There are 4 protein chains.
Amino acid sequence: MTSKRIAVLTSGGDAPGMNACIRAIVVACEGAGHTIIGFEHGYNGLLEQNWRKLDSKKVHNIIQRGGTILRSARCKTFKQDASGQLAANNLDELAIDALIVIGGDGSFRGAVHLGKFWGGQVIGLPGTIDNDIYGCDATIGYYTAIDTAVSSIDKVRDTADAFERIFLVEVMGRHAGFLGASAALAGAANYVILPELFTDPESVLNEIQQQVAIHRQRYGHESYIIVLTENLWPSGINALAEALETRTDGEVRPVILGHVQRGGSPVSQDRILATTLGVQAVRSIEQGKNGIMVATAQGDVVEVALEETWQHKKTLGNTLTHCMLTMLNERHHWP
Amino acid sequence: MTSKRIAVLTSGGDAPGMNACIRAIVVACEGAGHTIIGFEHGYNGLLEQNWRKLDSKKVHNIIQRGGTILRSARCKTFKQDASGQLAANNLDELAIDALIVIGGDGSFRGAVHLGKFWGGQVIGLPGTIDNDIYGCDATIGYYTAIDTAVSSIDKVRDTADAFERIFLVEVMGRHAGFLGASAALAGAANYVILPELFTDPESVLNEIQQQVAIHRQRYGHESYIIVLTENLWPSGINALAEALETRTDGEVRPVILGHVQRGGSPVSQDRILATTLGVQAVRSIEQGKNGIMVATAQGDVVEVALEETWQHKKTLGNTLTHCMLTMLNERHHWP
Amino acid sequence: MTSKRIAVLTSGGDAPGMNACIRAIVVACEGAGHTIIGFEHGYNGLLEQNWRKLDSKKVHNIIQRGGTILRSARCKTFKQDASGQLAANNLDELAIDALIVIGGDGSFRGAVHLGKFWGGQVIGLPGTIDNDIYGCDATIGYYTAIDTAVSSIDKVRDTADAFERIFLVEVMGRHAGFLGASAALAGAANYVILPELFTDPESVLNEIQQQVAIHRQRYGHESYIIVLTENLWPSGINALAEALETRTDGEVRPVILGHVQRGGSPVSQDRILATTLGVQAVRSIEQGKNGIMVATAQGDVVEVALEETWQHKKTLGNTLTHCMLTMLNERHHWP
Amino acid sequence: MTSKRIAVLTSGGDAPGMNACIRAIVVACEGAGHTIIGFEHGYNGLLEQNWRKLDSKKVHNIIQRGGTILRSARCKTFKQDASGQLAANNLDELAIDALIVIGGDGSFRGAVHLGKFWGGQVIGLPGTIDNDIYGCDATIGYYTAIDTAVSSIDKVRDTADAFERIFLVEVMGRHAGFLGASAALAGAANYVILPELFTDPESVLNEIQQQVAIHRQRYGHESYIIVLTENLWPSGINALAEALETRTDGEVRPVILGHVQRGGSPVSQDRILATTLGVQAVRSIEQGKNGIMVATAQGDVVEVALEETWQHKKTLGNTLTHCMLTMLNERHHWP
């Protein structure tokens with residue numbers, strides 16, 4: 001097998017497990033005799049020739065660290081043709097054969113844009129806490145973000161139970177409900193407001209009002225926890241809390257988990273996913289693949305054309321939806 | 001030794017370790033042959049005769065649980081004379097010899113108020129995450145709240161480093177800076193805004209602007225983390241974030257830790273403090289003490305008149321202040 | 001839909017997530033109008049008529065708790081015909097329509113044995129930290145056990161790095177390498193000794209000796225971590241440590257993780273798996289299924305005949321094996 | 001104030017918080033204009049001139065990391081006069097004014113030995129998970145080790161409760177019972193075997209046998225957890241487990257926590273202690289102090305002659321002992 005010159009960058013919102021993925025790529029490259037370099041600050045490093053050589057010593061003891069040692073950034077100018085051409089020139093100057101991009105769908109669009117100007121291989125690996133990339137079961141960072149959200153909900157439930165209050169917990173997700181649905185299920189929430197289930201504010205308020213009344217009748221004034229996806233409630237979480245106070249005649253406390261969800265030591269499932277994808281990306285490069293995302297779906301490693309990852313909309317899936325409707329929102333029937 | 005009839009309640013904001021404290025009281029009572037009952041929902045249970053008998057079987061496997069099995073609540077009407085008298089009657093009806101109140105300074109005021117109408121012994125144990133009670137080194141729940149805040153700051157630093165952003169983290173503390181100071185120190189923050197150090201918004205903004213400029217010059221665009229105590233910035237954390245964006249010409253992300261800080265499994269130091277105070281409260285009751293808070297100060301168990309706990313203002317102390325000024329806010333001089 | 005009378009028990013080694021599963025079954029039953037009872041101490045409760053009625057109030061706030069509220073036990077006499085008959089009689093006396101057994105393969109054999117004497121529906125749900133049940137991707141408790149092991153390995157690496165020592169970490173797994181392989185990968189171990197890869201002690205010692213020599217040459221005297229599955233090394237972990245001290249001329253510290261791996265609050269993935277399976281088990285009962293394990297495989301819910309779960313041997317799979325050989329044991333080639 | 005040239009090393013068993021302490025020393029030095037270097041591998045680096053310059057950039061983002069970036073080691077030859085002289089020469093050659101040693105009592109003996117040959121200032125900071133240094137309330141790493149042990153005991157209790165077994169948990173402590181006592185109290189153990197309370201094996205076995213019988217009578221076959229300090233039971237923990245199986249006619253599972261207790265991200269209290277001591281060590285150097293340990297006792301910063309730290313034996317203290325006898329070992333009386 002010919003040894004190759006491979007580059008890697010992390011782009012977009014950072015996600016726990018990006019370091020584990022970088023480490024796997026470096027170890028796999030080193031074992032197979034490939035050269036591996038890393039660009040800093042996402043596509044910015046590609047444009048500014050900001051890079052460094054990586055080896056297994058430099059990635060020792062990073063598997064457990066959040067963030068990314070290559071730093072990340074958004075790069076608004078990258079969609080321009082001049083940027084694509086400049087990046088291609090820079091890659092050619094360094095004699096790079098293949099570039100691995102770890103990031104979300106914006107990063108993948110950048111990768112496809114680059115492919116128009118550059119003849120090398122481009123491989124995407126899904127890295128975002130939102131899990132909103134079509135074609136894969138899970139994205140690197142998603143499992144850890146769920147755990148972070150759930151551990152916060154567990155804490156909120158302690159105080160909610162002690163005070164018998166309603167709590168409203170806002171989780172991330174951009175425009176997808178994966179994080180919200182999983183956190184609500186694993187956090188034993190009582191109600192969840194997701195983009196995928198959202199109808200209109202008035203209907204949601206009515207339903208919650210009814211459910212809380214039933215809940216109180218059945219359990220007394222026990223705690224009631226509602227999980228809400230960000231960017232969803234038109235007037236924001238504080239307005240929702242106030243509306244619910246009026247409707248339920250009780251205290252409603254809003255909690256915004258925010259950027260805490262992006263950090264933290266990756267949980268094992270994210271480390272294993274990140275390591276698997278890093279190893280498989282190097283393998284795909286050795287096999288000459290180009291323009292694909294390497295991911296896992298239905299328990300197998302898959303390769304998906306980068307364009308497909310954003311052309312289709314990923315859905316919550318039947319199993320999760322069934323489970324959610326049975327356990328949450330007091331809708332005890334199969335859809 | 002005569003066996004006594006002892007009651008316990010938790011009042012005010014819940015704090016991790018309250019269950020550990022209840023457990024210690026129950027085990028100590030049972031071992032010494034005292035009877036022990038618990039009132040539910042703080043002083044409300046005392047007024048409404050809402051109580052249950054406790055024994056060591058009922059407190060098995062609760063030491064690690066956040067919240068309080070006795071529930072807590074605020075009780076606005078308790079300061080009235082009628083409430084004090086009603087509570088006294090209810091306690092006498094149950095032939096209670098001594099009442100242990102676990103809570104903050106509002107709860108202690110309630111205990112003193114009760115003492116005007118009731119001849120039994122009243123013992124307070126400091127339980128609040130804010131550590132704002134005069135006469136003790138630490139309150140039950142304070143250590144855990146620090147750890148919760150610090151673990152969130154650790155996560156924020158991951159993403160702050162990856163993106164080289166400024167983050168603004170709001171912690172609880174009511175009107176005291178203990179939680180803010182400790183979280184900032186243990187979280188390796190760069191700047192802290194506390195009631196005890198606060199001058200005026202303009203000065204703080206100026207200082208941060210200068211420090212960030214120095215920081216960037218020295219370290220490049222590395223992350224910069226500011227810890228802020230709640231209830232302090234006049235126009236709120238979002239306004240502060242916006243003002244800082246203008247001043248520093250960079251992204252500033254606000255994170256409000258909120259009620260997550262009240263929950264969680266208590267860390268060892270809170271469990272040990274809570275257990276020690278529970279055991280000592282029973283001992284003080286056996287010795288006939290009344291109207292006191294049992295606490296630890298300078299490493300010893302102390303008894304402090306309940307009134308003193310709110311008449312004096314607890315200060316951060318020289319050691320912590322020195323340490324903070326050396327490590328934070330870039331003021332490298334001894335005050 | 002006719003409402004049913006359903007019973008549940010947990011059997012064999014306990015696993016984190018069993019409580020989450022019980023909770024899901026109870027909530028799903030209550031929502032659909034079924035009656036649900038729980039037997040205590042596994043099959044023992046079935047023989048001794050030791051049971052209690054469950055409802056959603058009794059399973060509030062247990063999703064995050066390790067162990068099982070129904071207790072577990074092994075029941076050696078259950079394989080006898082008399083036990084099977086007695087259990088059948090007891091179930092009929094209680095007019096139970098369906099029994100859900102949460103446990104490992106020993107528990108499933110018990111379920112099949114019961115089926116010979118009882119006409120009701122028997123449903124198995126895979127619950128064991130070992131993940132050694134054929135026909136499913138993961139068993140309830142497996143994800144948490146990996147995380148517990150990995151968090152211990154992370155701690156060991158701190159001290160291993162500080163002292164530049166070799167550490168030998170023994171994880172559970174009974175006779176399967178799932179836990180060992182996953183913990184080694186996610187813990188960034190350097191070498192792993194698994195039943196699936198095991199040849200003979202001498203070869204393993206030789207290989208480690210060589211690898212450590214290469215490792216030291218390449219990295220200096222950095223830490224070196226070896227993960228070992230229990231029940232595998234003929235003379236035990238302490239003997240292995242001594243043999244390695246001779247071979248590598250350095251300190252080798254053994255660490256036995258032991259029963260700590262069985263406990264702990266379940267991670268989100270175990271809670272979600274447990275909740276999904278609990279909900280689906282009730283659904284399968286409604287559909288009249290019998291003698292099956294309900295599980296997830298390749299991302300879907302599946303039903304597998306109980307006998308099949310132990311008649312086939314579950315293998316590590318190609319993806320995990322490839323990944324392991326690339327990242328561990330310094331064998332950088334595709335098998 | 002004259003600026004100084006200061007060196008730091010970590011020695012003996014590593015402890016969580018050593019990095020936080022190094023960081024504080026570096027930041028405090030930099031702020032005050034001192035030069036700061038670090039020797040690697042404890043006293044070995046001093047003998048082998050293995051050192052590097054430190055600055056605040058190099059200690060960014062290490063406060064939360066276990067282990068020590070300066071590595072640690074034992075150095076058996078350091079007690080020889082030739083070593084003391086060589087170290088003194090090396091320090092003089094580098095024009096070092098003051099050396100800070102973070103470690104346990106062996107490390108402090110080395111510091112005093114060095115003082116015989118070297119005219120510079122020597123300052124010790126207590127760093128060991130065992131807390132067995134006279135003159136201070138707590139040593140750096142002690143709080144984290146308690147939490148690690150307690151979190152393992154919490155997990156063991158899950159499975160102990162599910163199976164109603166006796167568990168025997170061995171914690172570190174060298175020859176002192178601090179870690180054992182604190183872990184037993186905070187872990188809600190039922191019995192603790194410590195050097196400070198130890199009489200003879202036969203008496204301990206008799207007492208446990210009696211207590212378990214009482215415990216079973218009172219609570220049924222609930223779990224029973226015994227904490228044991230290492231190096232104490234003559235024939236080892238496995239022999240103790242077997243003896244207890246005979247005595248109690250039930251399963252007894254031994255769990256050895258081992259080296260896991262040395263690692264992990266330091267809890268807040270260790271970070272604050274480590275930071276405080278690092279800052280105060282620099283202050284003591286500025287004040288010309290020599291031959292002392294800087295520590296905290298009774299809530300204040302204290303300076304103790306290094307020799308005193310091992311000439312006196314640190315005791316558990318009355319409060320802890322009272323608390324332990326009330327909560328554990330079923331001895332419900334004041335000593």
Side-chain angles (χ1 to χ4, degrees), chain B residues 20 23-24 27-28 30-33 56-57 60-64 137 143 146-147 149-151 154 157-158 161 182-183 185-188 218-219 222-223 265-272 275-276 279-280 282-283 296-301 317-320 322-323 326-327 330-334, chain D residues 20 23-24 27-28 30-33 56-57 60-64 137 143 146-147 149-151 154 157-158 161 182-183 185-188 218-219 222-223 265-272 275-276 279-280 282-283 296-301 317-320 322-323 326-327 330-334:
Chain B
R23 174 181 173 269
V27 171
E30 210 170 87
S56 61
K57 210 162 181 175
H60 174 71
N61 214 350
I62 69 164
I63 197 173
Q64 82 280 24
D137 284 344
Y143 294 121
I146 299 173
D147 250 39
V150 167
S151 124
D154 282 355
R157 195 171 47 243
D158 284 343
D161 271 359
S182 293
L185 257 188
R218 199 176 292 165
Y219 304 113
E222 223 167 49
S223 67
S265 181
V267 298
S268 302
Q269 292 311 302
D270 268 327
R271 298 187 193 188
I272 292 173
T275 304
T276 303
V279 166
Q280 293 290 338
V282 176
R283 191 179 207 189
T296 56
Q298 282 82 50
D300 260 328
V301 177
N318 285 337
T319 307
L320 186 58
H322 286 175
C323 195
T326 305
M327 298 301 294
E330 309 269 353
R331 297 188 200 142
H332 299 297
H333 56 79
W334 298 104
Chain D
R23 174 181 173 268
V27 171
E30 211 170 86
S56 60
K57 210 161 181 176
H60 174 71
N61 214 349
I62 68 165
I63 197 172
Q64 82 281 23
D137 284 343
Y143 294 121
I146 299 173
D147 250 39
V150 167
S151 123
D154 282 354
R157 193 170 51 242
D158 284 342
D161 272 358
S182 293
L185 258 188
R218 199 176 293 165
Y219 304 113
E222 222 167 50
S223 68
S265 182
V267 298
S268 302
Q269 292 311 302
D270 267 327
R271 298 187 193 188
I272 291 173
T275 303
T276 303
V279 167
Q280 293 290 339
V282 175
R283 191 178 207 189
T296 55
Q298 282 82 49
D300 259 328
V301 177
N318 285 338
T319 307
L320 187 58
H322 286 173
C323 195
T326 305
M327 298 301 295
E330 310 268 354
R331 296 186 200 142
H332 297 298
H333 54 79
W334 298 105

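What's counted below: heavy atoms across the whole structure, side chains too, no hydrogens, waters or symmetry copies. Sequence lines set the chain letters: A, B, ... in the order given, protein chains first and strands last, and positions in each chain run from 1. Quick caveat: nothing in here was measured; it's all calculated off a predicted structure.
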Taking salt bridge (Lys or Arg N to Asp or Glu O under 4.0 Å) as the test, write out the residues that go with B/Arg157, two or more places apart. B/Asp154
B/Arg271 and D/Ala186: which non-hydrogen atoms are nearest, and at how many Å? NH1-O, 2.8 Å
B/Ser56 and B/Val27 have their tightest heavy-atom pair at CB-CG2, 4.4 Å
Among D/Val301, D/Thr276, D/Asn61, D/Thr319, single out the residue with the greatest number of heavy-atom pairs under 4.5 Å to chain B. D/Asn61
Side chain, backbone, both or neither: which part of D/Ile146 has a non-hydrogen atom closer than 4.5 Å to chain B? both
Restricting to side chain to side chain donor-acceptor pair (under 3.5 Å), what partner residues turn up for D/Asp137, sequence neighbours left out? none
Do you know the tightest heavy-atom contact between B/Tyr219 and D/Lys57? O-NZ, 3.7 Å
Could you check which of D/Thr275, D/Leu185, D/Asp270 has the highest count of heavy-atom pairs closer than 4.5 Å to chain B? D/Thr275
Residue, of B/Asp158, B/Asp300, B/Val150, B/Asn318, that accumulates the most heavy atom pairs under 4.5 Å with chain D: B/Val150
Quick check on D/Thr296 against chain B: is it the side chain, the backbone, both or neither that has a heavy atom closer than 4.5 Å? neither
